[in-house]
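The structure under discussion appears below in the form of structure tokens.
We count residues from 1, following the sequence as given.
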Amino acid sequence: MGKKEYSIFCLQSSITLFAIIAVLTSAGGCSGRQQEEAASAPCTVTLSEEQVETLHITTAPLGDYCFSGTIKAGGRLAVSPRSMAAITSKVSGNIERIIVDEGGHVASGQIVAWLSSTGLTELQSRYASALSRRDYLAGEYERQRQMLAEQVGAGKDYDRAQTDYQSACREVSMLEGQLRQIGADTSRSPSPAGKIAVRSTITGTVEHIGVQTGQYITPDVPMMRIVNTEGMYADLLVFQHDVGKVREGQQVRLISGENQEYSGKVSTIANTMQSDVQAVHVRVSIDEGFRQNLIVGMYVEGQISTDSICMPAVSEDAIIEDDGKTYIFTAAHEGSRWVFTPVEVRRGLEEADMVAITPADSAVSLASIALHGAYYIYSEMKKGETGEE
């Protein structure tokens with residue numbers, strides 16, 4: 001055989017060998033030119049009906065799923081300013097006794113502590129003297145009124161008695177106002193001299209006590225903080241792209257850091273944007289029966305139920321991720337075999353195991369897709385690419 005004839009023979013042998021390889025690898029995965037164009041031309045996977053059954057692969061047209069439209073938002077538990085009170089004394093003095101404990105319940109007007117004040121003793125003494133003088137002058141005024149009515153008294157004596165009595169009443173009223181302003185007792189059986197009752201201004205729970213017995217305090221020193229949790233709410237931050245879906249009255253599921261669950265409803269939606277995080281404050285009122293053991297400032301995660309949205313979706317078992325892209329498989333029944341082709345899609349809403357999808361190419365038909373077993377199809381496709389058996 002000459003050199004020219006030998007070269008022709010080798011060329012024919014090479015062509016035959018490539019043809020055989022192409023036939024052997026066409027059953028699954030990419031080969032030859034397909035491997036070079038994998039980025040633009042998706043590979044197909046051919047499986048027998050027995051393989052499809054063994055791998056539990058199911059096929060059907062792409063269907064719709066109705067998402068509940070849950071919006072997730074983080075936030076903290078809070079109360080309105082009128083539901084919190086810092087208890088202070090009206091005058092400077094020493095704490096004689098604290099009669100409540102942290103965590104204890106108090107009513108509005110209830111005494112929470114006693115103070116002693118050196119300036120109070122004199123004021124109480126002046127008040128007691130003014131009361132006695134008023135009572136005396138009241139009797140004298142009544143006596144002069146009767147005498148004048150019986151025409152046995154002088155008019156000037158009646159006028160003087162009336163003036164003195166009115167002056168005594170004004171003094172009592174002034175001193176009584178001063179005592180009430182600082183929280184001192186003004187009854188006929190007053191509290192011990194120099195003692196001032198400190199009272200709660202709201203009904204609620206004693207959240208914190210910041211003083212101790214014997215401590216000298218001034219009116220600007222908070223003694224304790226009381227919180228009324230009946231009006232507690234969750235202050236959630238909803239991001240700008242979700243605000244349009246939120247409505248007053250929507251149900252909200254709240255989960256605390258301890259995985260405790262509460263329920264509530266959207267009560268108000270702020271009209272201003274918090275610029276640093278591009279979010280809006282949404283207030284959620286907590287349903288009765290779920291307000292026990294709640295702490296102001298506690299972090300919660302809110303799940304707001306918005307309007308139901310129905311759209312094409314598949315389960316996670318129908319999706320595979322490859323090189324940063326998402327794919328599902330279309331299915332075609334050809335005789336006794338199934339041919340599966342990967343189709344790029346974009347993920348949308350997610351709920352439980354369902355994912356909304358949109359084909360990257362709107363012209364692609366999704367009349368029949370693999371609803372389950374995408375991972376196994378993907379594995380077979382990779383075997384074909386690498387030439388594994």
Side-chain angles (χ1 to χ4, degrees), residues 65-87 102-106 108 200-210 222 224-309 311 313 316 347-356:
Y65 176 83
C66 293
F67 293 85
S68 62
T70 299
I71 295 174
K72 292 184 178 180
R76 297 191 179 277
L77 298 180
V79 293
S80 63
R82 65 176 177 272
S83 297
M84 300 184 70
I87 307 302
E102 288 186 356
H105 181 80
V106 295
S108 178
S200 173
T201 55
I202 64 171
T203 297
T205 301
V206 180
E207 186 182 65
H208 174 68
I209 298 177
M224 58 188 70
R225 183 169 60 251
I226 296 176
V227 178
N228 186 337
T229 59
E230 290 185 3
M232 184 177 290
Y233 62 89
D235 182 18
L236 303 180
L237 278 173
V238 176
F239 290 110
Q240 182 177 357
H241 60 271
D242 287 327
V243 172
K245 305 172 188 176
V246 181
R247 301 284 185 275
E248 292 184 9
Q250 288 173 332
Q251 292 288 335
V252 182
R253 179 184 175 210
L254 299 169
I255 305 173
S256 70
E258 299 176 351
N259 290 324
Q260 292 182 319
E261 294 189 12
Y262 313 92
S263 66
K265 293 181 180 66
V266 174
S267 57
T268 58
I269 304 168
N271 294 322
T272 56
M273 184 78 64
Q274 187 166 321
S275 59
D276 56 339
V277 291
Q278 292 297 299
V280 168
H281 287 273
V282 173
R283 177 178 293 191
V284 176
S285 60
I286 301 173
D287 294 340
E288 279 190 58
F290 290 92
R291 298 173 186 164
Q292 294 80 11
N293 303 320
L294 296 180
I295 302 173
V296 174
M298 177 187 291
Y299 178 83
V300 292
E301 178 186 290
Q303 298 178 358
I304 305 172
S305 296
T306 61
D307 297 333
S308 179
I309 303 175
M311 58 183 60
E316 286 282 1
R347 299 175 73 109
L349 293 177
E350 298 184 21
E351 182 176 287
D353 186 49
M354 299 300 293
V355 180

- Message: Pair V284, V252 - check side-chain contact (heavy atoms from CB on, under 4.5 Å), show working.
- Response: CA-CA 7 Å; V284 176; V252 182; 3.9 Å; yes
| Does the side chain of D287 pick up a donor-acceptor pair with the side chain of S263 at under 3.5 Å? | yes
Q: Run the salt-bridge test on E316 and R347 with the 4.0 Å N-O cut-off and return the result as yes or no.
A: yes
key: Flag side-chain contact, heavy atom, 4.5 Å: V106 against T205   = no
- Please determine, by modelled atom types, if Q240 and D242 share a side-chain donor-acceptor pair under 3.5 angstrom. no
Rounded to the nearest 0.5 Å, the CE atom of M232 sits from the CD1 atom of I295 at a distance of 8.5 Å
Looking only at heavy atoms, the pair that brings S285 and S267 closest together is N-OG, 4.0 Å
Q. Is the shortest heavy-atom distance from the side chain of R76 to the side chain of V300 under 4.5 Å?
A. no
#### Entry: Side chains of I87 and T201 in contact at under 4.5 Å (non-hydrogen atoms)
yes
Between F67 and Y65, what is the ring plane arrangement, given parallel below 30°, perpendicular above 60°, and tilted in between? perpendicular
In terms of heavy-atom contacts, S256 and M298 come closest through CB-SD, 3.7 Å
Looking only at heavy atoms, the pair that brings I304 and Q250 closest together is CG2-OE1, 3.6 Å
Start with the C-alpha gap between L349 and M311, add the side-chain angles, then the distance that decides, and say whether side-chain contact (heavy atoms from CB on, under 4.5 Å) holds. CA-CA 9 Å; L349 293 177; M311 58 183 60; 4.1 Å; yes
